[in-house]
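Here's the structure, in structure tokens; my notes come after.
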Amino acid sequence: MTTDPRSPATALQGSRCSGCSVSVYPADDACPRCGGPADPATLSGAGTLWTWTVQRYAPKSPPYQAPPGGFVPFALGYVELPDGVRVAAVLDVDDFEEVRIGMPLMVTAGEGVPRARPTTGHKGNS
């Protein structure tokens, strides 16, 4: 498969089974459900937060490389896409108190783990 989810920030490049239509991210040559062939597919980046947590300690190194100012806690969640895929992504939010399950997010691929940002105009609600 020629797609690389670590390429510069872009749409999510997954795959879709030609037999049973299951979509996956990152892309794979074979379907995880039926084992049939899977074709490259661009997945919708718009989704909703399925669950989340705050990473309060630095991940193992390598591969993690601390930023110049040192480790800073960050939110990490699963974003459910309309394609039926849940994508693990770093949540780019200013305040952890604003994060709510079900909030609308836009996910983009980039170097490393995908990133998700609240859609424009979102205000956290319970």
Side-chain angles (χ1 to χ4, degrees):
M1 179 109 354
T2 59
T3 57
D4 183 354
R6 296 167 296 184
S7 63
T10 184
L12 296 173
Q13 297 301 312
S15 58
R16 187 168 291 113
C17 178
S18 54
C20 69
S21 300
V22 164
S23 296
V24 297
Y25 179 85
D28 200 342
D29 290 328
C31 175
R33 179 187 287 163
C34 71
D39 299 316
T42 300
L43 304 176
S44 171
T48 57
L49 187 59
W50 185 71
T51 194
W52 69 287
T53 190
V54 176
Q55 178 78 26
R56 298 193 187 275
Y57 57 91
K60 287 180 99 171
S61 184
Y64 176 76
Q65 296 176 354
F71 175 77
V72 176
F74 59 92
L76 179 69
Y78 277 99
V79 180
E80 189 165 38
L81 305 178
D83 308 276
V85 177
R86 292 183 187 137
V87 176
V90 171
L91 306 179
D92 290 326
V93 294
D94 295 327
D95 182 358
F96 297 149
E97 296 296 319
E98 295 178 5
V99 179
R100 299 285 183 265
I101 291 174
M103 69 187 289
L105 298 166
M106 179 58 70
V107 183
T108 56
E111 192 172 317
V113 177
R115 313 283 300 194
R117 290 180 174 75
T119 57
T120 306
H122 169 73
K123 297 289 184 202
N125 15 344
S126 300

Starting from [Y], can I reach [X] by hopping between I/L/V/M/F/W/Y residues whose side chains sit under 4.5 Å apart?
{"X": "Phe96", "Y": "Val90", "result": "no"}
{"X": "Val24", "Y": "Val107", "result": "no"}
{"X": "Leu91", "Y": "Val113", "result": "no"}

Any residue meeting side chain to side chain contact (heavy atoms under 4.5 Å, CB included) with [X], in chain and number order, not counting sequence neighbours:
{"X": "Ser21", "value": "none"}
{"X": "Ala46", "value": "Ser44, Met106"}
{"X": "Ser18", "value": "Pro37, Asp39"}
{"X": "Cys20", "value": "Cys17, Val22, Cys31, Arg33, Cys34"}

Just grab all the side-chain hydrogen bond (donor to acceptor under 3.5 Å, both in side chains) pairs involving residues 88-97, residues at least two apart or on different chains. Asp92-Arg115, Asp92-Arg117
For residues [X] and [Y], report the shortest heavy-atom separation together with the two atoms involved.
{"X": "Ser23", "Y": "Val85", "result": "O-CG2, 3.2 Å"}
{"X": "Leu76", "Y": "Ala89", "result": "CD1-O, 3.2 Å"}
{"X": "Val93", "Y": "Ala75", "result": "CG2-CB, 4.5 Å"}
{"X": "Tyr64", "Y": "Ala58", "result": "CE2-CB, 4.0 Å"}

Considering only residues two or more places apart or on different chains, which pairs with a residue in residues 64-76 satisfy salt bridge (Lys or Arg N to Asp or Glu O under 4.0 Å)? none
Could you note down all residue pairs passing salt bridge (Lys or Arg N to Asp or Glu O under 4.0 Å) where residues 55-65 supplies at least one of them, sequence neighbours left out? none
Using distance only, find each side-chain donor-acceptor pair of residues 67-74 under 3.5 Å and give its atom names and separation, not counting sequence neighbours.
none

Leu81 and Leu12, any side-chain heavy atoms less than 4.5 Å apart: yes
Can you check whether Asp29 reaches Ser15 side chain to side chain, under 4.5 Å on heavy atoms?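 A side-chain contact under 4.5 Å is absent here.
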Which residues satisfy the salt bridge (charged side-chain N to carboxylate O under 4.0 Å, His left out) test with Arg86, sequence neighbours excluded? Glu80
Separation between CG of Leu43 and CD of Gln13, rounded to the nearest 0.5 Å: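 The CG atom of Leu43 sits 7.5 Å away from the CD atom of Gln13.
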Run through the side-chain heavy atoms of Ile, Leu, Val, Met, Phe, Trp and Tyr, join any pair under 4.5 Å, and report what else lands in Tyr78's cluster.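 Tyr78 shares its hydrophobic cluster with Trp50.
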